[in-house]
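What follows is a set of notes on a single structure, which appears directly below.
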Amino acid sequence: MSETVAVPPQRNAISRLWNDKESRSVIIQVITISLVFAFMAYIIHNAVVNLQAIGKGFSYNFLWQPSSYDINQHLIEYDSRSTHFRAMLVGILNTILVAICGIVLASIVGFLLGVLRLSKNWIINRLAYCYIEYVRNVPVLLHILLVHGLIVHAFPVPRQAISIGDVTFMTNRGIFSPKPIYEPLFLVVIALFLLALAFMWWFRRYAQKVQDETGQHYPVFWIGLGTVIGVPLVFFFLLGSPITWDVPELKGFNFAGGMVVRPEFIALLLALSLYTAAFIGEIVRAGILGVYYGQTEASYALGINRGRTLSLVVIPQALRIIVPPLTSQYLNLMKNSSLAVAIGYMDIVATIGGISLNQTGREMECMIIVLTLYLVMSLIISMIMNWYNRHIKLVER
Amino acid sequence: MLKSLKIAVITIALSIIGLSANAATLDDVQARGELNCVVTTGLAGFAAPDENGRWDGFDVDFCRAVAAAVLGDGEKVKFVPSTGKTRFTLLNSGEGDILFRNTTETMSRDADLKLTFLPINYYDGQGFLIRKAMGISSASELNGASVCIQTGTTTELNLADYFRANGMSYEPVNIETNEEGIANYSGNRCDVYTTDASGLASTRAALDDPSAHTILPEIISKEPLGGAVRHGDDQWADIGKWVVNAIISAEELGVSSANVGELCAAAGDNPSINRLCGTEGDAGSWIGLDSKWAVRAIEQVGNYGEIFERHIGPNTPLALERGLNAQWTDGGILYAAPIR
């Protein structure tokens with residue numbers, strides 16, 4: 001900097017530049033960046049040279065070849081004549097399915113745990129504490145293997161299935177339940193449901209306006225519930241229940257028909273969400289404790305009841321503390337779902353990053369796809385959570 | 001800080017160069033004094049650690065034979081366990097020098113995955129293992145079954161083809177290793193376990209009550225099993241190829257671990273035996289080894305018949321018959337190219 005005093009006589013320009021704080025930091029940054037780029041260029045060059053050395057080209061043409069393998073859980077039409085690309089889509093959907101279900105379940109259980117942990121009841125409080133400490137100190141892979149092993153060994157085989165009302169069957173091959181088959185009239189019910197949603201959106205704004213102007217308060221939640229669930233339900237029965245059920249039936253080795261939730265999915269979902277819930281519980285606890293108790297007292301002093309104090313005063317402020325670390329937990333859950341491969345749940349890693357990779361020998365190409373997919377999914381989750389965070393954060397006036 | 005960064009970069013770069021340099025495998029192996037052999041994570045009879053932790057089995061003996069020929073000592077082998085999925089990557093990345101892992105030779109593996117296959121050392125086919133209590137006697141009755149299947153194998157593809165061609169449906173239960181397969185099959189997660197018939201015999205022997213399980217008569221595929229090496233080092237491929245041929249030829253010529261010392265002490269009347277023994281001609285130098293390469297291999301692990309009897313033959317828990325794997329002179333199709 002210019003006010004640096006009494007610089008001793010310099011021998012040359014380089015050492016002068018080096019001794020100047022600002023130019024030195026520029027030099028270091030330039031060198032660091034060029035080293036990083038040189039390193040990356042070297043790695044890529046190395047990969048290209050080595051691939052050439054064993055005579056393997058770099059090509060994604062294999063994606064359009066038939067995959068030749070079967071997948072037990074596919075949300076879209078798929079068989080062994082489908083392409084590797086389609087197998088990849090099946091894998092992506094399976095990962096998304098377990099990630100979304102896992103995030104929802106982990107959030108519910110996590111919030112519950114956080115609240116229980118703060119309970120004044122000693123037993124409840126300690127139980128939650130023990131659960132959290134046990135679960136979060138055992139690697140998630142062990143949880144996955146444990147739950148899967150329990151399901152496979154503790155549940156009966158299809159011939160001795162646990163029957164629930166003769167329509168749903170629990171076995172170690174999964175839970176088989178009736179599958180709804182929609183008749184055309186069911187579209188009316190769906191249309192009504194959407195209409196009700198639109199009405200509620202309008203009604204909520206209207207109620208808010210009325211409250212702002214007159215102070216009159218509508219029970220928005222109950223009216224909403226009645227409209228969105230009640231109206232379609234009434235019409236559903238008036239139209240003569242336009243749904244038939246495809247009930248699973250024991251045929252030969254397994255149940256045929258109906259819907260099935262495979263043990264691999266159940267094991268992965270339970271293990272991932274119960275594991276992540278332990279972390280979320282602690283985050284929620286920290287969030288609630290982070291809201292100064294005086295706020296609650298002030299709210300009571302204004303005559304606001306307990307429930308509304310929680311929902312209007314404590315939770316909105318707690319959320320500001322909770323959401324940023326919660327984002328990391330959601331990302332962890334999504335990435336941990338790649339452990340699915342240990343129990344044979346056919347996610348991205350098991351399909352395109354596993355069987356396709358192995359059957360085609362395209363390691364580099366497949367791993368690039370897998371890395372990109374996880375990156376994109378993580379970024380999407382981050383984006384949504386960051387948007388939500390901005391939405392709830394303190395509005396500075 | 002800059003200095004340490006530089007050092008780190010150079011170290012990483014050098015280690016990558018080190019990993020990627022695999023020009024002459026024979027020189028690398030001899031310099032290292034140890035053969036890295038890719039085997040399965042555990043398939044009783046083929047490759048599995050015994051109660052003392054020493055690797056033992058049919059495939060393991062072929063690793064030891066190569067080590068005996070190249071290094072002079074069949075114990076100088078480092079076994080690299082691999083799953084069906086990781087085996088070729090381990091070989092192609094240089095973690096392993098040679099692979100003996102119940103591996104089926106196919107065109108895509110040979111040409112597209114850039115492997116060079118050694119002579120076939122076990123002719124196998126894919127079968128189905130099922131509980132006798134299920135009352136199934138043919139694979140054609142398997143419609144709707146849950147089938148445990150190792151991922152990354154040819155059996156996975158055969159299975160899909162077989163059920164499709166026969167208009168049957170099934171639920172694939174994908175597993176990584178044979179141990180997982182046994183766990184899922186014995187837990188009744190799947191009705192059927194499918195893999196090569198030899199692997200099924202091994203798996204059945206490891207079950208709690210082997211007599212309660214049966215292997216269905218249908219063999220739905222050809223599974224020629226053999227060792228493999230990377231593309232690009234023909235000398236190394238030749239070594240692997242001729243060690244396997246020597247082991248098979250030895251049985252045909254009546255040379256065993258018991259009599260190899262005596263037969264090979266000096267040149268005898270049978271030129272074929274003399275060439276195998278290195279007492280006539282210089283076959284060893286053609287593959288960059290000394291003249292006693294085959295003698296060491298036979299001395300330390302025995303000929304094909306001995307290896308078969310010891311690990312998977314009728315007197316072992318696997319109780320496999322020679323069948324197709326008998327010498328061509330005994331009605332089988334084992335037919336080694338002559339050493340000359």
Side-chain angles (χ1 to χ4, degrees), chain A residues 27-28 31-32 35-36 38-39 42-43 46-47 49-50 53-56 62 67-73 79-81 148-149 151-158 171-174 251-256 260 262-264 341-346 350-351 354-355 357-363, chain B residues 1-2 5-6 9 12-13 16-17 19-20 22 83-89 92-93 108-109 112-115 134 136 141-149 151-154 156-157 159-161 163-164 169-176 180 183-184 186-192 230-232:
Chain A
I27 294 172
I28 291 177
I31 293 177
T32 312
L35 280 176
V36 167
F39 181 59
Y42 178 78
I43 296 271
N46 186 277
V49 167
N50 275 323
I54 55 172
K56 275 176 138 178
F62 73 94
S67 64
S68 302
Y69 62 88
D70 285 301
I71 297 177
N72 57 5
Q73 178 185 314
D79 65 35
S80 62
R81 291 297 98 198
H148 186 248
I151 295 176
V152 167
H153 287 96
F155 279 89
V157 296
T171 74
N172 70 346
R173 309 269 171 90
K251 272 186 192 148
F253 294 96
N254 279 317
F255 283 92
V260 57
R262 305 253 176 234
E264 288 75 28
V341 74
I343 51 169
Y345 178 72
M346 302 302 279
T351 54
I355 304 179
L357 179 156
N358 195 253
Q359 298 295 2
T360 61
R362 302 267 160 212
E363 292 97 347
Chain B
M1 190 221 102
L2 194 62
L5 184 74
K6 235 180 199 164
V9 169
I12 294 169
I16 290 167
I17 297 170
L19 278 176
S20 61
N22 45 35
T83 64
K85 264 164 67 176
T86 58
R87 53 185 160 180
F88 304 127
T89 315
N92 269 334
S93 67
S108 78
R109 287 172 176 177
D112 196 29
L113 267 63
K114 309 297 173 194
L115 304 176
M134 302 293 285
I136 298 288
E141 300 164 35
L142 290 178
N143 193 12
S146 297
V147 183
C148 277
I149 174 87
T151 62
T153 57
T154 48
E156 183 172 56
L157 310 180
L159 181 73
D161 291 352
F163 275 81
R164 194 180 173 80
S169 68
Y170 70 106
E171 183 215 354
V173 179
N174 301 86
I175 45 132
E176 284 280 302
E180 277 176 51
N184 273 302
S186 59
N188 224 328
R189 171 65 184 89
C190 44
D191 303 298
V192 186
R230 282 183 293 279
H231 259 194

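Because only heavy atoms are used, hydrogens play no part in the values below, and waters and symmetry mates are left out as well, while side chains stay in. In what follows, every chain begins at residue 1, and chains take the letters A, B, ... in the order their sequences are listed.
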Which of Thr89(B), Asn188(B), Leu113(B), Thr154(B) touches chain A most, by non-hydrogen pairs under 4.5 Å: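 That would be Asn188(B).
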
Pick from Lys114(B), Arg87(B), Arg109(B) with the largest number of heavy-atom pairs that fall under 4.5 Å of chain A: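 Ranked by heavy-atom pairs under 4.5 Å with chain A, first place is Lys114(B).
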
Of all of [options], which one pairs up most often with chain B through heavy atoms under 4.5 Å apart?
| options | answer |
| --- | --- |
| Lys251(A), Met346(A), His148(A) | Met346(A) |
| Asn72(A), Ile151(A), Leu357(A), Thr360(A) | Asn72(A) |
| His153(A), Gln73(A), Gln359(A) | Gln359(A) |
| Val157(A), Val49(A), Asn172(A) | Asn172(A) |

By side chain to side chain donor-acceptor pair (under 3.5 Å) - contacts of Thr171(A) (at least two apart):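 For Thr171(A), no residue satisfies side chain to side chain donor-acceptor pair (under 3.5 Å) once neighbours in sequence are set aside.
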
From CA spacing to verdict: side chain to side chain contact (heavy atoms under 4.5 Å, CB included), Tyr170(B), Asn143(B): CA-CA 6 Å; Tyr170(B) 70 106; Asn143(B) 193 12; over 6 Å; no

So what's closer than 4.5 Å to chain A heavy atoms on [X]: side chain, backbone, both or neither?
| X | result |
| --- | --- |
| Ile149(B) | neither |
| Leu157(B) | both |
| Thr153(B) | backbone |

Qualifying residues under side-chain contact (heavy atoms from CB on, under 4.5 Å), relative to Arg81(A), sequence neighbours excluded: Pro66(A), Ser68(A), Asp79(A), Asp161(B), Arg164(B)

Under 4.5 Å from a heavy atom of chain B, the part of Ala38(A) involved: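 For Ala38(A), there is no contact with chain B at all, as no heavy atom is under 4.5 Å.
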
